[in-house]
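Here is the structure we will look at.
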Amino acid sequence: MSGNTAISFFMTILEKIKNEVFTTEFTFLASRSSGPGGQNVNKVNSRVTLFFNVPNSQCLSEDEKSKLLEKCSQKLDKEGTLQIDAQTSRSQLDNKKTAIKKFYELMEKVFKKKKKRIATRPGKAAKERRLKGKRVRSEKKAMRKKDF
(Lines give C-alpha, C1' and ligand atoms only; values in the text may rest on other atoms or scores of the structure.)
Protein backbone atom coordinates (compact mmCIF):
# COMPACT_ATOMS: atom_id res chain seq x y z
CA MET A 1 0.00 0.00 0.00
CA SER A 2 1.24 3.47 -0.77
CA GLY A 3 1.30 6.09 1.99
CA ASN A 4 -1.85 7.90 0.88
CA THR A 5 -3.81 4.69 0.33
CA ALA A 6 -2.78 3.35 3.75
CA ILE A 7 -3.94 6.54 5.46
CA SER A 8 -7.34 6.43 3.75
CA PHE A 9 -7.64 2.70 4.59
CA PHE A 10 -7.07 3.33 8.30
CA MET A 11 -9.33 6.37 8.33
CA THR A 12 -12.24 4.37 6.90
CA ILE A 13 -11.87 1.55 9.43
CA LEU A 14 -11.60 4.01 12.33
CA GLU A 15 -14.74 5.76 11.06
CA LYS A 16 -16.51 2.37 10.97
CA ILE A 17 -15.41 1.71 14.53
CA LYS A 18 -16.64 5.12 15.73
CA ASN A 19 -20.00 4.68 13.94
CA GLU A 20 -20.47 1.23 15.53
CA VAL A 21 -21.73 -0.57 12.42
CA PHE A 22 -20.71 -4.01 13.70
CA THR A 23 -23.56 -4.42 16.21
CA THR A 24 -25.74 -6.27 13.68
CA GLU A 25 -23.07 -8.99 13.36
CA PHE A 26 -22.69 -9.72 17.08
CA THR A 27 -23.94 -12.91 18.69
CA PHE A 28 -24.26 -13.03 22.47
CA LEU A 29 -24.33 -15.94 24.89
CA ALA A 30 -25.18 -15.57 28.58
CA SER A 31 -23.84 -18.01 31.14
CA ARG A 32 -23.12 -18.24 34.85
CA SER A 33 -20.15 -16.24 36.10
CA SER A 34 -17.22 -17.92 37.77
CA GLY A 35 -15.75 -17.09 41.15
CA PRO A 36 -17.26 -16.06 44.47
CA GLY A 37 -20.53 -14.18 44.70
CA GLY A 38 -22.94 -16.13 46.85
CA GLN A 39 -26.34 -17.31 45.72
CA ASN A 40 -26.60 -14.74 42.90
CA VAL A 41 -23.83 -16.50 40.94
CA ASN A 42 -25.60 -19.83 41.22
CA LYS A 43 -28.94 -18.51 39.97
CA VAL A 44 -28.29 -15.77 37.40
CA ASN A 45 -26.64 -15.94 33.97
CA SER A 46 -24.77 -12.66 34.23
CA ARG A 47 -21.62 -13.50 32.26
CA VAL A 48 -21.84 -12.41 28.61
CA THR A 49 -19.75 -13.76 25.74
CA LEU A 50 -19.66 -11.78 22.51
CA PHE A 51 -19.01 -13.68 19.27
CA PHE A 52 -17.97 -11.96 16.03
CA ASN A 53 -17.35 -14.10 12.95
CA VAL A 54 -14.52 -12.36 11.09
CA PRO A 55 -14.55 -14.31 7.77
CA ASN A 56 -18.33 -13.87 7.34
CA SER A 57 -18.39 -10.17 8.26
CA GLN A 58 -20.15 -7.88 5.78
CA CYS A 59 -18.70 -4.72 7.36
CA LEU A 60 -15.03 -5.53 6.84
CA SER A 61 -13.10 -5.60 3.57
CA GLU A 62 -10.79 -8.50 2.75
CA ASP A 63 -7.70 -6.48 3.76
CA GLU A 64 -9.29 -5.59 7.10
CA LYS A 65 -10.29 -9.21 7.71
CA SER A 66 -6.78 -10.50 7.02
CA LYS A 67 -5.24 -7.86 9.30
CA LEU A 68 -7.70 -8.73 12.09
CA LEU A 69 -7.11 -12.47 11.66
CA GLU A 70 -3.35 -11.92 11.78
CA LYS A 71 -3.24 -9.63 14.82
CA CYS A 72 -5.90 -11.38 16.94
CA SER A 73 -4.97 -14.98 16.21
CA GLN A 74 -4.83 -15.77 19.97
CA LYS A 75 -8.46 -14.70 20.49
CA LEU A 76 -9.92 -16.57 17.50
CA ASP A 77 -11.19 -20.13 17.22
CA LYS A 78 -10.68 -22.46 14.22
CA GLU A 79 -13.57 -20.93 12.24
CA GLY A 80 -12.22 -17.38 12.77
CA THR A 81 -14.77 -16.33 15.36
CA LEU A 82 -13.60 -13.67 17.79
CA GLN A 83 -14.72 -14.34 21.36
CA ILE A 84 -14.83 -11.68 24.10
CA ASP A 85 -16.01 -12.37 27.67
CA ALA A 86 -17.31 -9.93 30.26
CA GLN A 87 -18.26 -10.91 33.81
CA THR A 88 -17.25 -7.94 35.97
CA SER A 89 -20.77 -6.82 36.86
CA ARG A 90 -23.72 -8.62 38.45
CA SER A 91 -25.94 -7.25 35.68
CA GLN A 92 -26.17 -9.05 32.35
CA LEU A 93 -26.89 -5.77 30.54
CA ASP A 94 -23.80 -4.08 32.04
CA ASN A 95 -21.67 -7.06 31.04
CA LYS A 96 -23.09 -6.89 27.51
CA LYS A 97 -22.12 -3.20 27.29
CA THR A 98 -18.67 -4.04 28.65
CA ALA A 99 -18.16 -6.78 26.04
CA ILE A 100 -19.16 -4.42 23.22
CA LYS A 101 -16.82 -1.75 24.60
CA LYS A 102 -13.96 -4.30 24.76
CA PHE A 103 -14.65 -5.27 21.14
CA TYR A 104 -14.45 -1.68 19.88
CA GLU A 105 -11.30 -1.01 21.92
CA LEU A 106 -9.71 -4.11 20.39
CA MET A 107 -10.70 -3.02 16.88
CA GLU A 108 -9.25 0.43 17.45
CA LYS A 109 -6.02 -1.08 18.79
CA VAL A 110 -5.72 -3.44 15.80
CA PHE A 111 -6.38 -0.83 13.12
CA LYS A 112 -4.60 2.15 14.65
CA LYS A 113 -1.50 2.99 12.65
CA LYS A 114 1.70 2.82 14.69
CA LYS A 115 3.77 5.96 14.87
CA LYS A 116 6.99 5.52 12.92
CA ARG A 117 10.12 6.09 14.99
CA ILE A 118 12.57 8.63 13.63
CA ALA A 119 16.19 7.93 14.53
CA THR A 120 17.87 10.95 16.15
CA ARG A 121 21.37 11.80 17.26
CA PRO A 122 22.37 13.44 20.54
CA GLY A 123 22.96 17.18 20.40
CA LYS A 124 26.22 19.01 21.08
CA ALA A 125 25.21 20.05 24.61
CA ALA A 126 24.21 16.47 25.52
CA LYS A 127 27.60 15.18 24.34
CA GLU A 128 29.39 17.82 26.40
CA ARG A 129 27.36 16.99 29.54
CA ARG A 130 28.18 13.30 29.12
CA LEU A 131 31.91 13.98 28.68
CA LYS A 132 31.94 16.39 31.65
CA GLY A 133 30.31 13.74 33.84
CA LYS A 134 32.87 11.18 32.72
CA ARG A 135 35.70 13.64 33.55
CA VAL A 136 34.29 14.31 37.04
CA ARG A 137 33.99 10.57 37.78
CA SER A 138 37.48 9.95 36.43
CA GLU A 139 38.99 12.70 38.61
CA LYS A 140 37.13 11.42 41.67
CA LYS A 141 38.52 7.92 41.20
CA ALA A 142 42.00 9.27 40.44
CA MET A 143 41.97 11.13 43.76
CA ARG A 144 41.27 7.86 45.60
CA LYS A 145 44.31 6.15 44.09
CA LYS A 146 46.91 8.81 44.96
CA ASP A 147 49.14 8.17 47.97
CA PHE A 148 49.87 11.21 50.13
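Computed over heavy atoms, backbone and side chain alike; hydrogens, waters and symmetry mates excluded.
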Let me confirm one number: the [atom1]-[atom2] distance from [X] to [Y], rounded to the nearest 0.5 Å.
{"X": "K101", "Y": "L50", "atom1": "NZ", "atom2": "CG", "result": "14.5 Å"}
{"X": "K96", "Y": "S89", "atom1": "NZ", "atom2": "OG", "result": "14.0 Å"}
{"X": "S91", "Y": "K97", "atom1": "OG", "atom2": "NZ", "result": "7.5 Å"}
{"X": "L60", "Y": "S66", "atom1": "CG", "atom2": "OG", "result": "10.0 Å"}
{"X": "S31", "Y": "Q92", "atom1": "OG", "atom2": "CD", "result": "9.0 Å"}
{"X": "E139", "Y": "R135", "atom1": "CD", "atom2": "CZ", "result": "7.5 Å"}

Minimum heavy-atom distance between [X] and [Y], given as atom pair plus value:
{"X": "G80", "Y": "P55", "answer": "O-CD, 3.3 Å"}
{"X": "I84", "Y": "F103", "answer": "CD1-CA, 3.5 Å"}
{"X": "N53", "Y": "N56", "answer": "ND2-ND2, 3.3 Å"}
{"X": "A86", "Y": "A99", "answer": "CB-N, 3.8 Å"}
{"X": "N45", "Y": "R32", "answer": "OD1-CG, 3.0 Å"}
{"X": "F111", "Y": "E64", "answer": "CZ-O, 3.6 Å"}

* Asked: So with a 6.0 Å cut-off around NZ of K71, is the heavy-atom count from everything else above 12?
  ->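 Atom NZ in K71 is packed in, count exceeds 12.
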Connected via hydrophobic side-chain network under 4.5 Å: [X] and [Y]:
{"X": "F26", "Y": "L29", "value": "no"}
{"X": "M107", "Y": "F51", "value": "no"}
{"X": "Y104", "Y": "L82", "value": "yes"}

* To do: For residues L106 and K75, determine if any side-chain heavy atom of one lies less than 4.5 Å from a side-chain heavy atom of the other.
  =>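 L106 vs K75: side chains touch.
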* Close side-chain approach of D77 and Q83, heavy atoms under 4.5 Å ->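 A side-chain contact under 4.5 Å is absent here.
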Are any side-chain N or O atoms of [X] and backbone N or O atoms of [Y], one a donor and one an acceptor, separated by less than 3.5 Å?
{"X": "N95", "Y": "S46", "answer": "yes"}
{"X": "E25", "Y": "C59", "answer": "yes"}
{"X": "S57", "Y": "V54", "answer": "no"}

* Mind checking what makes salt bridge (Lys or Arg N to Asp or Glu O under 4.0 Å) contact with K127, not counting sequence neighbours? ->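 K127 satisfies salt bridge (Lys or Arg N to Asp or Glu O under 4.0 Å) with no residue once adjacent residues are dropped.
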* Asked: Under the salt bridge (Lys or Arg N to Asp or Glu O under 4.0 Å) test, which residues partner E62, sequence neighbours left out?
  -> K65
